[in-house]
Amino acid sequence: RTGSEYALTAQLVDPKTGEAVRSYLHRVSGESGILTALDTVAHSIRRDLGESIYEIHRADRPLPQVTTPSLAALQLFSDGRSLWHGGQHREAMARFESAVKEDPGFAMAHAALGNGYYSFVYHEPERGRQEYEKALALAPRTTERERSAIEVNFAASAGHYEEARRLYGQYLRMDPDDWTMRDGFARLLRMHGQRDEAI
């Protein structure tokens, strides 16, 4: 780190000779760019080791941009999201629980647990409320975008339609390209009879 700039470096080392055969350097301004830089360097290394562009894109899953100082917690959270979207709900919740054990102050992992407990899979709204409230209490550790996402998902999960609708609007004005939020908003509208607006 130099001032507000970070430099991420990596080397490919020949295991027989110990010599560096390739070096990588990626600079970013501010902490928020570190994970993106890590993805960029990893992509370059995989390409240089011979993995085809097709294989890289097929297997590539960038880490989510969420706030935690623990890389282990971030990986568990990322794995949990993939498992949840793949219908492996129990395995996903186990990953979210492990992420919270790694970093008890990981707001987005608490929110993911809250979402899971509110869902049709678990249908435990009281536990869901408790996890969302933990996530909101940790808001000073989050970005504005994360805090807004937690508020939106809590309102939608708890069935507070008008509040969720308002919060979705606020969030999407801030981040109009977030397709997961657009999908969630469309689902909320459809469930409340707003079919044309949902489409």
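- Here the closest non-hydrogen pair linking Val66 and Leu74 is CG2-CD1, 3.5 Å.
- The shortest non-hydrogen separation linking Arg27 to Ala7 is NH1-CB, 3.9 Å.
- Within 6.0 Å of the CE atom in Met191, the count of heavy atoms belonging to other residues, nucleotides or ligands does not exceed 12.
- Met181 places a side-chain heavy atom less than 4.5 Å from the side chain of Asn153.
- Note on Ile199: it does not cluster hydrophobically with Leu188, by side-chain heavy-atom contacts below 4.5 Å among ILVMFWY residues.
- Between Asp39 atom CG and Ile34 atom CD1 the span is 12.5 Å, to the nearest 0.5 Å.
- Residues Val28 and Leu8 fail the side-chain proximity criterion, which asks for heavy atoms closer than 4.5 Å.
- Checking each of Arg129, Glu124, Glu131, His123 against Tyr118 for a side chain to side chain contact (heavy atoms under 4.5 Å, CB included) leaves exactly one that passes, namely Arg129.
- Thr143 places a side-chain N or O within 3.5 Å of a backbone atom of Glu146 that can act as its donor or acceptor partner.
- A distance of 7.5 Å separates CZ in Arg95 from CD in Glu91, rounded to the nearest 0.5 Å.
- Between Arg81 and Phe96 the shortest side-chain heavy-atom distance falls below 4.5 Å.
- Inter-residue side-chain proximity for Met108 and Thr67 is flagged as unmet; no heavy-atom pair is nearer than 4.5 Å.
- The CZ atom of Arg165 lies 10.5 Å from the NE2 atom of His192; values are rounded to the nearest 0.5 Å.
- In this structure a side-chain-to-backbone donor-acceptor pair under 3.5 Å is missing from Ser157 to Phe154.
- When the shell of 6.0 Å around CD of Glu197 is examined, it contains more than 12 heavy atoms from other residues, nucleotides or ligands.
- We find that Asp178 and Arg182 are not joined by a salt bridge, their nearest charged nitrogen and carboxylate oxygen being 4.0 Å or further apart.
- Among all heavy-atom pairs drawn from Gly116 and Trp84, the shortest one is CA-CH2, 3.6 Å.
- Remark: Glu5 CD is packed, more than 12 non-hydrogen atoms of other residues, nucleotides or ligands lying under 6.0 Å away.
- Separating the CZ atom in Phe185 from the CG atom in Leu189 is a distance of 4.5 Å, to the nearest 0.5 Å.
- Residues Arg141 and Asp103 have side chains in contact (heavy-atom distance under 4.5 Å, counting atoms from C-beta outward).
- Taking every heavy atom of both residues into account, Ala92 and Gly80 meet most closely at CB-O, 3.2 Å.
- Under the 4.5 Å side-chain criterion, counting only non-hydrogen atoms from C-beta, His26 is not in contact with Tyr6.
- No chain of hydrophobic side-chain contacts below 4.5 Å, direct or via other Ile, Leu, Val, Met, Phe, Trp or Tyr residues, connects Leu76 to Leu35.
- Formation of a donor-acceptor pair under 3.5 Å by the Arg1 side chain with backbone atoms of Gly3 is found in this model.
- Here the side chains of Ser70 and Gln75 are not in contact, with every heavy-atom distance at 4.5 Å or above.
- If you take NE2 on His110 and CD on Glu97, they are separated by 9.0 Å, rounding to the nearest 0.5 Å.
- Contact detail for Ala109 and Ala99: the closest heavy-atom pair is CB-CB, 4.0 Å.
- A donor-acceptor pair under 3.5 Å is absent between the side-chain atoms of Arg22 and the main chain of Asp48, judged by distance alone.
- From His89, atom NE2 reaches atom OH of Tyr122 across 9.0 Å, with rounding to the nearest 0.5 Å.
- Looking at every heavy atom in both residues, Ser44 comes nearest to Tyr24 through CB-CE2, 3.8 Å.
- Around atom CD of Glu126, more than 12 heavy atoms belonging to other residues, nucleotides or ligands sit under 6.0 Å away.
- Considering only heavy atoms from C-beta on, Ile150 stays 4.5 Å or farther from Leu138 through its side chain.
- Linking Ile, Leu, Val, Met, Phe, Trp and Tyr whenever their side-chain heavy atoms come within less than 4.5 Å leaves Val152 and Leu136 in two separate clusters.
- Between Phe106 and Phe77, the ring planes are tilted. Angles from 30° to 60° get that label.
- Without hydrogens or angle criteria, Thr40 side chain to Thr36 main chain gives a donor-acceptor distance under 3.5 Å.
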